Structures are given as structure tokens and as C-alpha cells.
2 protein chains.
Amino acid sequence: MLYKCFEKREWWLISATIKDVAAAAGVSVGTVSKLINKSGYVSDKIRERVLLAITLLNYQPNAVARSLKQSKTHLLGLIVDDISNPSITKMMKSIEDAARNKSYNLIICSHNNDSDQEMKAFQWLQEKRVDGIIAIPTGAELDELQLPSSIPIMTVERKVKYNRFYSVVHENIHSSFSLVQHLYIHGCRRLLFIHGPLLDHVEQERHQGIRQAIGQLGLDPELQIFLEAGTDIASISGAVSSHLGSSGLPEGIYATNRLSLAGTIQALWSMDIKVPGDVAVAGFGDIDPYGILRPTLTAAKEDFNEVGKIAAEILFERIENKMRYNQPKEFIVAPRLFIGTSCGSHSHS
Amino acid sequence: MLYKCFEKREWWLISATIKDVAAAAGVSVGTVSKLINKSGYVSDKIRERVLLAITLLNYQPNAVARSLKQSKTHLLGLIVDDISNPSITKMMKSIEDAARNKSYNLIICSHNNDSDQEMKAFQWLQEKRVDGIIAIPTGAELDELQLPSSIPIMTVERKVKYNRFYSVVHENIHSSFSLVQHLYIHGCRRLLFIHGPLLDHVEQERHQGIRQAIGQLGLDPELQIFLEAGTDIASISGAVSSHLGSSGLPEGIYATNRLSLAGTIQALWSMDIKVPGDVAVAGFGDIDPYGILRPTLTAAKEDFNEVGKIAAEILFERIENKMRYNQPKEFIVAPRLFIGTSCGSHSHS
DNA sequence: ATGAAAGCGCTAACAC
DNA sequence: GTGTTAGCGCTTTCAT
């Protein structure tokens, strides 16, 4: 029974097809398909024969053919800024977990904050006919005409101009306010704010939180300094160093994102400035994944795990209910405010 | 000309097919295909008509159908232990870069060191007919019969028992030796070795390097202590704390992997032990991605970037030359020995 | 230079 | 219960 397929193809290189299995078992392809997909009944004798043939031929169903037929790939597209960004990988992990539960796989693309690459990623995923997309947009306006209209899309973490997608983002304004307030409570009246370019909504909102805090806490605006320090740690560290060198120490420093925070710490260490002794420090982001930094930092830590989980949940719901159309709808996740010892609080250990 | 496709399908939901384009442009599908793939000549008038139709219909070729026809998915499978492991993500990034250059996308699966999940990942990728696979194996023996025989596979970072694959791994023995030697040079004669379970070749080889060093440096074996501390930071930290509490301080500590190293640091900080004042510390791995830890750690840092690059290069070469068969062949990447201040060396800043 | 048609491997509707 | 067959969207060979 089996010889047919043996002579027909180089079976040790090309994997067996459903046809080979059917021939080997002496049944029709329909029967094999029914058995594999548990659709329809198959008698026990035949079931056994088919199962044997499958094992013997080491048959692996061709998911490409199945996808073509069913218009369903069981693939999720994930577009991120940088696949090696430690914060983002937490989100990738929670999305992957959700995907695995549903027997989905992930195609991951990164755009490195280049909007051309972003478009390309969307295009690739659309051509591959993924069942859904979760994307951290560059923030550039997305040319909607070129975007897949028939694939459910979730944007996460960053807002898109004129957004028309479901999105999950972190709360920023209040968290930012709280950090300033925390510095205030610890006696800081002259603050230095290290931030990045105010291009995306994240930096803008954190900035807004700062301004609100300055107003409501009655801080003297003249004494507060804003320093836009750059987008990579080395240059941020340099900018902070030279600022502190020329302008002297504030009472407190608040860095609005993980890179600014890391660069600030590097600068302080290099100048041998003690925290919190010489200056209090607070920031946004988690730059200590291994929990080995002392003093521990007071920081608003984004809950990327949760963002990914929510995005995946909603996406799967939309996929399963065939809600292909996109519409603006926003979900907000609150960062956790972690009180460390970097502002003078005592550790509770 | 265009109306046909408009009435034929819900074109705003289902994307246009090559047939729609052909109909709209009044040509045959073959011609459209030729144009898209730049195979064969198309006259200028027709080219223009077809291009117009493509734009008008916002046609995106269906990569699933193309893959089925060509037996080529332009997809690479990547199997890792943990998608959020910061070391591993560097490797993922370099592989993704290489893939993007070749217009390939990545399907990323993680197995969390569970060999069942590992098998499942291989199976999924095989069903999806990826063109190649790069995998960090669990280390468990792989059931070769169930493994794709027609897909080129690269294993990285960990060795598989009875390996029959191309693999790229880090050098361990000599690097481990060097770390012990470095501690020795800084005067340490009583050492504590914090390590993980000796299950995979990585820990085994690093262990071997230690034993070689003890022998060749003439360290008194009686004074050297090995502590297997666990596999997660919290429990490692606990184990180290309680060991130090009961047995007192050695002169130097060498942690053989990133988790052991992080756990050790946590334990030292929590007991208020100064490094390098009270004890010298060296280790394997990079636990300070943001460069903010003081003292800076003397450590052997794996070059995951390089491992990924090499693996991708070889894999693409095999894919392009249709070298589908796997065979045992090993490539070795040397970690970089980074001299920090944690053993008493002076920083050169 | 363009069209016609076979077929990639599979599923699902229908026939027996 | 099981077999037959059309067709998913595309590429490619062969006519013309």
C-alpha cells in the first residue's frame, strides 16, 4: 500500500501530503481531512489505518494550504519600535502567552522609529494575511489608505495622530504629577526635568503633568529647569553632566523616560554625586530589571505586561467575532508608582 | 471596466485578488503576475493600465497563495527559551536585522525551558513551512524523528545531546577560567562559586573552567566552595544570603550566569556587604544593560549579537543553496571579558 | 508580448 | 460513513 508514495516523490526531503496519506491508507483525502480536523465521522478501522499512515509518513499538515483555503493564518502580527527594548519585551511576552493559548503564532517586526519601515511592516503583515496586528506606532501619521482595512489592528503604547484604531496606552499625566509631588514632599523646591523630544503624546503628557504639578504645588516657575537631553543614553548622560557642571545641582531631578533616567544616573555617578544625599532622583520607567541598583529608584513603572494582555484579549475577541473594522477606542493602563530610596524615603526592608 | 469587481465582492472588506486586477485592467492574470514579479515583458500601455488598477483596488498580493505555489514562505522560525530575556533579545535583534535585509519575516516562539513546548514549537513552525529555523534548544534530547528533516535548522547557545545540527555557541571553559584567574590575581584565595544546575553544557563547561583554574593556579580545593543556588533571582538571593550568614565571607565570589550574578548582588546589598571592599565579585553575563551599576562588574559578557548574526548568515546560505540536510557542525563565539571595578581594579575613567 | 490552463495542498459541500 | 470535486490566489509552462 505504501510503496506508491515512496516512488512518487523524494519523500525523505519533501514532506508527505494529505494525498500521500490517503493513498497509503487506501482511503480518500476527504476522509483523512475529516479525521485530522475532527469534522465528521470516521470508522474505527479506517481511523486506525489513517493514523498509521500519518505516523509512517511523518505527515505534517501544510498550514499554508490550509490558510489559503480557510482565509485564516493563525498568525498575529506584532510591530514594535525595537525588539530588544527590555520594557517592550515584557509586552511581547504577555502577547505571546495569550497567542499560544489560542494556538496562534507571532510574526514580529520592528521599525526602529522609522515610519517608512513601519509602513513596510504593515504591508508585509498584510500580504502574509495575518489575522490581526498589534503595533507600537512610530507616532507619525499613518497613511490610512495604505493600511490594511480588513485586518483588525490594535495600537499600543503610543497614540497615532487622528487615531482611528483601538488602542491601549499608559496613563501619563497623573503619574507624572505624582512623581513631582513625591519630590516636593521630600523637600525639593528647585527641580531639574530631564526629558526627550516632545514629539509623541507620551512625552507631551508627562510634560503636561509636570506643568500641572508646578502650578498646583506652587513651585516657583523661575527655579524649575527643563533640559531636553537627547535620545540615546550616552548623549543624555553627556548633556546632563555638562548642565550640572555649569548650572550646579538642583534639589531634585525627574527624568521622564527610561533613557533619560539611565543617562541621568550615569552622569550623577560619573560626577560622584550622591543620591539621595546630594540630590533626590525620580523618573519614569524601569531601568533595573535585575533589582540590583542602589539606591532603589522612585519611579513610575509602566505595566507593559498588562498592556500586552489587554491588547491581545481585545484583539482575539475582535478576531473571533469577525469585527474586522477598526474604530477609535482607547484603553488606559495605570503605571505603578514604585517608591524607592532615591528621594530620601526609607526602605521598608 | 472596474465595476465588475465592485459588484462581485465586498471589496472594502475582502482585499482584491490578482483576478480582480486583471479584470479591471482588461488583461489576463498571467500578465499581472508577470508585471508584479518582473518576470517576462509587459508593454508600456498595459503596464500602465495594470498599475492603475492595482492602485485603485489597493491590491496586496496574497503571500499565502504565493507560498503555496512556490513552496517558499520567506519566513524564518525562531525558538527561544524566553522572549523577554534581555540577553536573548540582542540575538533576536541581530537575526531580525539580517532577516529584514533579505525580506524575510520572523515567527518567534518561546518554550520556557519546557521540552514539550519545544517540540510543539518545532511542529508549528514545520506546519507553517518556514524556510529555516534558529533555535535555542531546551537541552533535552530532541526526538529527531519528529523534527523537520526538510527544513534547515541552526541551534544556538545551547548544545543538544547527540547533536546533528549546525550550531553556534559561546566559548565557556576558557572564559570561566579567566574570571577565576582574575579573582586570583586580585588576591583571592578562598572563593565561592554560585552556579545553577549542571544540566546543560553551558553550566558544565563553566564548571570545568573553574576546576581547571583551581588546579592550574594551585588554589587549595578545601577552601573553595560551590553553591548551587537555584534558577530564579529571588531564591538565588536567598540561598546566597543564608550561606554567607552561616559560613561567613569568602575573599571572592564568582557567579556563573546572569541570574546567579544578579541574585548574588542582591544578597550582598541586602547584607550591606561592600564590593570590592569586603569581597571581590566576578561573573558571567550582562546584568546591567543601562550601565548604571556601581561598582562596575568584572564579567564575561556573551556576544549574543554575534551569535545571532552568524547563525542567520549560515542559515541564509543554506537556504539559498538549498542545503536542506542538517549535519553536526559547530561555530564558537568568544565572550568579551569586561574588567570592572568589582574585583578591585581601578576604573580607567 | 499576452493568454490559457494546470496545479500547489488543503477543506467543505455534496453525492452516494 | 466515505468518496468526489470545486476552488482558495497565485505562478509558470506552453501556446499563440
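Since the model is a prediction, treat every value here as computed from it, not as a measurement. Protein chains get the first letters and strands the later ones, always in sequence-line order, with residue 1 at the start of each.
Each end of the helix from C:dA1-D:dT16 to C:dC16-D:dG1 yields a helix axis from five base pairs, and these two axes differ in direction by 40° (to the nearest 10 degrees).
B:Lys309 is linked by a salt bridge (Lys or Arg N to Asp or Glu O under 4.0 Å) to nothing, counting only residues two or more places apart in sequence or in another chain. Here B:Ser71 pairs with nothing under the side-chain contact (heavy atoms from CB on, under 4.5 Å) rule; sequence neighbours left out. When the side-chain contact (heavy atoms from CB on, under 4.5 Å) test is applied to B:Lys120, the partners found at least two apart in sequence or on another chain are B:Trp124. Here B:Glu317 pairs with B:Asn321 under the side-chain contact (heavy atoms from CB on, under 4.5 Å) rule; sequence neighbours left out. By the salt bridge (Lys or Arg N to Asp or Glu O under 4.0 Å) test, A:Lys329 pairs with no residue at all, sequence neighbours left out. Under the salt bridge (Lys or Arg N to Asp or Glu O under 4.0 Å) criterion, A:Asp131 pairs with A:Lys72, sequence neighbours left out. With sequence neighbours excluded, the residues forming a side-chain contact (heavy atoms from CB on, under 4.5 Å) with A:Val42 are A:Thr31, A:Lys34, A:Leu35, A:Ile46, A:Arg47, listed by chain and number.
For A:Arg49 and D:dT2, the CZ to C1' distance is 11 Å, given to the nearest whole Å. The separation between A:Asp44 atom CG and D:dT2 atom P is 9 Å, rounded to whole Å. The interatomic distance linking A:Asp20 (CG) with C:dG9 (P) rounds to 8 Å, in whole Å. Counting to the nearest Å, the C1' atom of C:dC10 and the NZ atom of A:Lys19 are 11 Å from each other. D:dG9 atom P lies 14 Å from atom CG of B:Leu57, rounded to whole Å. Rounded to an integer number of Å, the gap from A:His74 NE2 to C:dC10 P is 15 Å. Residue A:Lys128 contributes atom NZ, which lies 15 Å from atom P of D:dC10 at whole-angstrom precision.
Of the two residues near DNA chain C, B:Ser71 and B:Ser43, the one whose nearest nucleotide lies more 5' is B:Ser43.
Look at A:Thr17 and you won't find any side-chain N or O under 4.0 angstrom from OP1 or OP2 of C:dG9.
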Per-nucleotide protein contact string for nucleotides 11-16 of chain D, where B marks a base within reach and S marks sugar-phosphate only (heavy atoms under 4.0 Å, - for neither): BB----

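Using bins of under 30°, 30° to 60° and over 60° for the plane-to-plane angle, the ring pair B:Tyr104/B:Phe316 lands in the perpendicular bin.
At the heavy-atom level, B:Val64 lies nowhere under 4.0 Å from the strands shown. A:Val27 comes within contact range of the sugar-phosphate backbone alone, with a heavy-atom separation under 4.0 Å but no base atom that close.
When each of D:dC10, C:dG9, D:dG1 is scored by its nearest atom to the side-chain atoms of A:Tyr41, the top-ranked nucleotide is D:dG1.
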